[in-house]
Amino acid sequence: MGLNALDFAVIAAYLAGVTLFGLQFRGRQRTVKDYFLAGNSAPWWAISLSIVAAETSTLTIISVPGLAFSSDFRFLQLVLGYLVGRVIVSFVLVPQYFRGELVTAYQLIERRFGEKLRTLTAALFLATRGAAEGVRVFAVAIVVRVALGSALAGLSDWGRDVAAIAIVTLLTLAYTLEGGMAAVIWTDVVQLAIYFSGTVVALFTILHLVPGGWTTVLAVAGAAGKFRMIDTSWNLSATYTLWSGVIGGAFLTTASHGTDQLIVQRLLAARNQRQSQAALLSSGVAIFFQFGLFLLVGAMLFVFYRIDPPPMPFTRTDTIFPAFVVNRMPHGLSGLLISAILAAAMSNLSAALNSLSSTTVVDFYTRVRPLSSEETRLRLARRATIVWGVLLFGLAILARNGGKVLEMGLSIASVAYGALLGVFLLGVLTKRATEHGAMAGMACGFALNVYLWLGTRLPFTWYVAVGSAATFAVGYAASKLMDGRSTLKTAA
């Protein structure tokens, strides 16, 4: 059917409404801590929902249903690992973050090791988070290309992609720039409600369109093996097995939620340590049910298109859900679902902008200009947000040549997470590790992960586990070796 005027009105109302809502928080910040941590005033439940929204991008909404459509529910094995990782972060790393007045994760590294390693870890975060976020922002273009194809008929594919990415980036930048972390958290809550309710509406719409409803879905999808969730094989080339899911997912989440400023910033914004832990643990339960919902939608789409095949076969699974929303859902609801997908994009982008800006200002500028005033730092924080908005726009355009966007985004992040997690574990779990030893371990772990990514077929689910183990082992051994040499020199 395509979208009509009602759908476009719904989308426009959403974009205008969420931007204006976010702008309500402008002018409330007096210090950098107010801007980046919302003055530690947000309740735990809002931070919990913000964490869920921050790790749910457009990639998630359009790609996870595609996984169930083309395979089954085995992706949930990775989500089980996400739950284990949250428990580790809550009781190993969160207490460390609340020992002192920290604004970024990498201040903890300086406190334990020194300035050089803090600079290295913060720089690695900026580089890899920027690249991974560029991939996520590009996913917006996939949706808009499908949804607004007729409205943008006069433009080339490249022109449509640029227009889509520019609209979402500019609107998100507006409220993130003015409202800081408070705007990010509370717009996250609203946007999560929009995309979750929109997905539920899509689920019931599919049930209504499938003859026989839920009975038919269970019979057809069950016979095709779509509800298969557990794979206990030891096949290292398989992306989703119980072992790669629980072990790899635990390492991945320990890294992403314990060392990545995108999530750590939210944990630090809590009123106290207990509320931070409550927010993180409860977000794990929410994320499991959310991924289950997205996978269920994908299995139901498989049944729907088995009964009513599309005119042209799908060339990529990322377009299956957006195509259904645009072509098969009633007008008005189509606009709501496209708004829901855009909500996930804006939520994730706002989180990235604020975390990249905070690391730029706190971990780099304030160390070069330690005597600068709060007014100067606050002004620079907003300028840094603008610069990162422009850079992410450019990186999103470059990401057009990638493959499956979900796995590409996770792969880029996982390459850095192994080295970062290894360094954090060296700092928290050992007393003998030194700065230079940890730097040597980090270099080895990162190089190994780059090799695994580009030179092998090992799935991304193992990158963090392998990289962090290598970083920890080499870092600890190098620290002991360097310490031994310095002892010998002193004795001589």
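Keep in mind the model is a prediction, meaning the values are calculated, not measured.
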(message) Within this structure, what is the CZ-OG1 distance for the pair Phe36 and Thr385, rounded to the nearest 0.5 Å?
(response) 6.0 Å
(request) Report the relative orientation of the aromatic rings in Trp234 and Trp243; use parallel for angles under 30°, tilted for 30 to 60°, perpendicular for over 60°. (result) parallel
(message) Could you check whether Arg432 and Ser479, counting side-chain N and O atoms only, form a donor-acceptor pair closer than 3.5 Å?
(response) no
(message) Is it true that Asp231 and Ser233 share a donor-acceptor pair across their side chains at a distance under 3.5 Å?
(response) yes
(message) So that I can tick it off, tell me whether Lys116 and Glu110 are bridged by a salt bridge, with the cut-off set at under 4.0 angstrom between side-chain N and carboxylate O.
(response) no
(request) Kindly check if the number of other-residue, nucleotide or ligand heavy atoms within 6.0 Å of CZ (Phe196) is above 12? (result) no
(request) Give, for atom CD of Gln273 and atom CZ of Phe98, the distance between the pair rounded to the nearest 0.5 Å. (result) 7.0 Å
(request) State, without any angle test, whether Tyr35 and Glu374 hold a side-chain donor-acceptor pair at a distance under 3.5 Å. (result) no
(request) Would you check if there is a donor-acceptor pair between the side chains of Thr172 and Ser350 at a distance under 3.5 Å? (result) no
(message) Determine whether the aromatic ring centres of residues Trp462 and Trp453 are separated by less than 6.0 angstrom.
(response) no
(message) What I want to check is whether the side chains of Ser468 and Thr471 have a donor and an acceptor closer together than 3.5 Å.
(response) no
(request) Look up atom SG in Cys444 and atom CE in Met439, then write down how far apart they are to the nearest 0.5 Å. (result) 12.0 Å
(request) Please check if the distance between the ring centroids of Tyr417 and Tyr463 is under 6.0 Å. (result) no
(message) Could you measure the distance from the CG atom of Leu371 to the CZ atom of Arg369? Nearest 0.5 Å is fine.
(response) 10.0 Å
(message) Under 3.5 Å, is there a donor on one side chain and an acceptor on the other for Arg86 and Ser283?
(response) yes
(message) Ignoring hydrogens, what is the shortest heavy-atom contact between Pro65 and Phe321? Give both atom names and the distance.
(response) CG-CD2, 4.2 Å
(request) Indicate the ring-plane relationship of Tyr195 and Phe294, choosing parallel, tilted or perpendicular according to the 30° and 60° boundaries. (result) tilted
(request) Check whether any side-chain N or O of Asn272 sits under 3.5 Å from a backbone N or O of Gln275 as a donor-acceptor pair, and report yes or no. (result) yes
Cut-off 3.5 Å, no hydrogens considered: what does the side-chain donor-acceptor table look like for residues 246-254, sequence neighbours left out?
from   : atom 1 : to     : atom 2 : distance (Å)
Thr253 : OG1    : Gly249 : O      : 3.1
Thr254 : OG1    : Ala250 : O      : 2.6

(message) List the residues meeting side chain to side chain donor-acceptor pair (under 3.5 Å) with Thr31, not counting sequence neighbours, and say none if there are none.
(response) Asp34
(request) Please state whether the rings of Phe472 and Tyr476 are parallel, tilted or perpendicular, taking 30° and 60° as the class boundaries. (result) parallel
(request) Report yes if the distance between the aromatic ring centroids of Phe288 and Tyr82 is under 6.0 Å, otherwise no. (result) no
(message) Under a 3.5 Å cutoff, is there a donor and acceptor pairing between the side chains of Thr176 and Asn354?
(response) no
(request) Hey, could you give me the OG1/CG distance between Thr19 and Leu173, rounded to the nearest 0.5 Å? (result) 10.5 Å
(request) For Thr119 and Arg367, test the side chains for any donor-to-acceptor distance below 3.5 angstrom and give the result as yes or no. (result) yes
(message) Under a 3.5 Å threshold, yes or no: a donor from one side chain and an acceptor from the other, between Ser358 and Gln261?
(response) yes
(message) Quick check for you: to the nearest 0.5 Å, what is the distance between Leu429 atom CG and Phe424 atom CZ?
(response) 12.5 Å
(message) So for atom CZ, which belongs to Arg274, do other residues, nucleotides or ligands contribute more than 12 heavy atoms lying within a distance under 6.0 Å?
(response) no
(message) For the residue pair Thr56 / Gln290, report whether a side-chain donor-acceptor contact shorter than 3.5 Å exists.
(response) yes
